[in-house]
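The chains referred to below are lettered A, B, ... by the order of the sequence lines, with proteins before strands, and numbering in each begins at 1.
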There are 2 protein chains.
Amino acid sequence: MPAKLADVARLAGVSPATVSRVLNGNYPVARTTADRVHRAVAELHYVVNGNARALAASSSDLIGVLVHDVADPFFGVIATGIQDAMSEGDVLAVVCNTGSSAERELRYLKLLRKQRAHAVVLTGGSVNDPGHRTALLEQITEFTSTGAHVVLCGRPPLTGDDDPVPGVIRVDFDNSEGARRLTAHLVALGHRDIGYLTGPETRTTSRLRLDGHLQALSEAGLSEERCPVVVSGFDRESGRAGVGELLRRHPGITAVVAGNDIAALGALAELRARGIGVPDQISVAGFDDLPCAFDAVPSLTTVRIPLMEAGRTSGLFALDASRAPAGGVLPIRTELMVRDSTGPVPR
Amino acid sequence: MPAKLADVARLAGVSPATVSRVLNGNYPVARTTADRVHRAVAELHYVVNGNARALAASSSDLIGVLVHDVADPFFGVIATGIQDAMSEGDVLAVVCNTGSSAERELRYLKLLRKQRAHAVVLTGGSVNDPGHRTALLEQITEFTSTGAHVVLCGRPPLTGDDDPVPGVIRVDFDNSEGARRLTAHLVALGHRDIGYLTGPETRTTSRLRLDGHLQALSEAGLSEERCPVVVSGFDRESGRAGVGELLRRHPGITAVVAGNDIAALGALAELRARGIGVPDQISVAGFDDLPCAFDAVPSLTTVRIPLMEAGRTSGLFALDASRAPAGGVLPIRTELMVRDSTGPVPR
DNA sequence: CATCGGACAGAAAACGCTTTCCACAGAGTG
DNA sequence: CACTCTGTGGAAAGCGTTTTCTGTCCGATG
């Protein structure tokens with residue numbers, strides 16, 4: 001039903017080839033001819049059929065973006081950055097919600113392969129399961145083998161060892177270093193009894209942040225006894241429950257570090273409910289610096305990851321892999337944001 | 001480079017037609033033949049070329065979703081609902097960020113038309129500009145004329161009068177009724193001096209909510225003098241500034257209603273900064289019932305819109321328009337959520 | 001035994017575009 | 001003046017599927 005190239009050609013009195021050339025501007029066409037074509041296009045409301053185009057030119061302008069949860073601002077901000085980069089060209093970014101399910105991740109990857117996506121951006125931590133890892137690597141290899149590029153934004157390397165996979169670009173958040181500095185900040189404030197609420201064990205991000213924390217502890221010569229670690233989650237409820245567990249196991253803690261801001265918010269809520277003053281009695285810190293960290297009461301000390309910017313560069317790499325740095329890895333610096341939820345140890 | 005249908009056919013020793021039929025299952029194929037084909041598919045890691053398929057079958061499995069801002073949980077939750085519905089079939093939902101820009105909205109619509117999207121879901125309020133309205137209507141007509149369906153999720157009707165546009169389905173949030181009930185709740189608590197922070201004038205949602213508020217005021221016989229309205233915005237900063245403006249213009253107010261939760265959060269922050277107790281001195285209310293409303297301190301009284309569910313049904317309608325109710329409009333009920341940020345008028 | 005559906009498989013024509021290969025002017029060039 | 005470029009435009013061969021339209025082989029039927 002919609003007008004096709006041939007219709008435009010007929011109306012403009014030229015051949016289909018000429019119309020195509022005018023529209024793509026990759027071949028010299030006389031000014032007057034081009035004008036006639038443009039008029040015909042306007043008159044017929046013609047819009048090129050993307051599928052036919054992709055088929056003929058064997059190139060598509062679809063870019064897939066895989067996120068754990070669109071409703072989570074962490075991913076929302078990254079996605080915004082990516083889409084921002086897309087607005088350069090006539091490119092469609094497909095945001096896919098995996099819900100942290102390995103199975104859905106693979107399904108979407110296949111779907112994107114089916115659409116011959118130009119590139120794929122995988123965001124956030126990976127599901128930490130050996131079986132999934134190989135299946136994922138296989139899908140990704142399938143992608144890169146057709147010339148499509150894969151960008152990992154805030155994702156660990158695909159292979160256990162750090163060797164680069166060809167065609168795969170990484171935009172790397174320095175989770176452990178950020179976590180290390182955060183805990184070091186608490187140590188500097190005099191805290192010696194620091195509880196840690198780590199994220200879900202299935203996510204690699206949790207591990208990296210915990211590692212940074214532990215490193216800071218060992219650098220300060222703090223015993224693990226006085227600094228309990230509780231496996232919690234990245235959601236609010238886990239943070240809430242986790243801080244309760246922490247207090248039960250080690251009532252003397254003076255600081256709580258959560259694996260991310262959302263969990264930290266849960267912890268804040270629980271402490272408030274128990275009438276424990278923050279930061280007078282217990283300091284609290286998070287990670288990510290989501291907008292809500294600033295809005296929290298008291299405002300949350302956290303580690304800022306420039307997510308929007310990371311998303312934007314990831315998008316640019318997806319658009320044009322040649323922009324990627326040599327080595328294929330762009331490190332993203334984190335920044336410690338000291339706010340009101342942390343203070344000197346009470347005495 | 002990737003395997004194509006013909007490769008599979010050759011390996012399986014059948015014709016391309018047979019492979020297609022096995023894969024689509026819409027034509028009888030002998031069991032043994034089908035098995036051979038499946039084996040060949042697996043061996044070659046074959047994945048159908050979505051573009052070629054869409055071209056030949058003249059049907060695509062792409063569904064466009066237009067949102068104002070992915071990073072805003074309001075839209076994030078709706079998008080999650082939509083994607084949830086998509087997971088039924090092998091369908092890709094393309095989430096596009098308009099940033100509330102009329103121009104980008106049209107650009108995305110055109111891009112989706114180019115991809116011959118199966119359907120489009122427009123979410124959230126509309127940019128309230130007559131010029132844009134006609135341009136939008138034109139794009140949408142172009143869509144529906146090719147058989148694609150358009151779903152409006154939480155969007156006002158396209159035409160000023162309420163008559164249905166063929167091929168357009170609406171999932172309608174009852175903004176004004178929700179706003180009316182919210183203000184009525186404050187009135188019932190004894191408030192007579194109620195300030196209102198309305199959203200951006202360019203968004204239709206702002207207007208609808210304000211209308212509900214004004215209706216409640218008039219039902220209660222409250223004068224507009226004692227109930228000032230300040231044009232603010234849907235973001236935190238606007239809420240913060242707006243409440244300042246409100247207090248300057250009418251220091252006696254005992255309640256503030258914001259156009260949405262985010263603005264209400266900003267208002268809460270400003271009141272806290274000024275040392276004004278909520279709800280002891282001033283009650284505050286929002287709209288939408290985003291997750292953050294529950295987390296606020298004090299927890300925010302607001303109007304709940306079942307966004308996830310609305311997203312899901314919108315998605316189902318996009319997938320299969322025949323599921324839509326007669327008349328093409330599905331009203332979504334809102335619910336008043338009374339929490340800790342509103343209380344009886346101080347005396 | 002001739003015939004006739006039914007179940008299955010192949011050949012080939014779309015689908016709407018891009019792009020290589022040619023053709024054909026007219027402008028320079030020797 | 002014959003000849004080669006240059007700048008334009010057309011013809012036609014794909015791109016990888018789907019889907020009609022034809023068969024062909026069989027068991028069943030009269």
Check your understanding: Got D61(B) and Q115(A) here, is their nearest side-chain heavy-atom distance under 4.5 Å?
Key -> yes

Check your understanding: Can you pull the ring pair (Phe, Tyr, Trp, His ring centres under 6.0 Å) pairs that have at least one residue in residues 21-71 of chain A, sequence neighbours excluded?
Key -> H68(A)-F75(A)

Practice item. Using five pairs at either end of the helix from dC1(C)-dG30(D) to dG30(C)-dC1(D), determine the angle between the two local helix axes and round it to 10 degrees. Key: 60°

Review point. Any sub-3.5 Å donor-acceptor pair from R155(B)'s side-chain atoms to G124(B)'s backbone N or O?
Key: yes

**Study point:** Test applied, side-chain hydrogen bond (donor to acceptor under 3.5 Å, both in side chains); reference residue, Q139(A); option that passes from K110(A), E105(A), R113(A)
**Key:** R113(A)

Review point. With a 4.5 Å limit on heavy-atom distance, are the side chains of V150(A) and L158(A) in contact?
Key: no

Point to revise | Pairs involving residues 85-137 of chain B, ordered by first then second residue, that meet ring pair (Phe, Tyr, Trp, His ring centres under 6.0 Å) (sequence neighbours left out) | key: none

Review point. Between L136(B) and L106(B), is any pair of side-chain heavy atoms under 4.5 Å apart?
Key: yes

**Study point:** For chain A, the stretch of DNA chain D it reaches, first to last nucleotide, under 4.0 Å of its heavy atoms
**Key:** dT8(D) to dG16(D)

**Study point:** Expected output: side-chain S126(A) to main-chain T204(A) donor-acceptor under 3.5 Å
**Key:** no

Exercise for review: Please identify each residue that fulfils salt bridge (charged side-chain N to carboxylate O under 4.0 Å, His left out) with K4(B), with sequence neighbours left out.
Suggested key: none

Revision key, fill the gap. Protein-proximity profile, nucleotides 10-22 of chain C, B/S/- by nucleotide at the 4.0 Å heavy-atom cutoff, equals BB---BBBBBB--

Check your understanding: Side chains of R107(B) and D90(A): does their closest heavy-atom pair fall under 4.5 Å?
Key -> yes

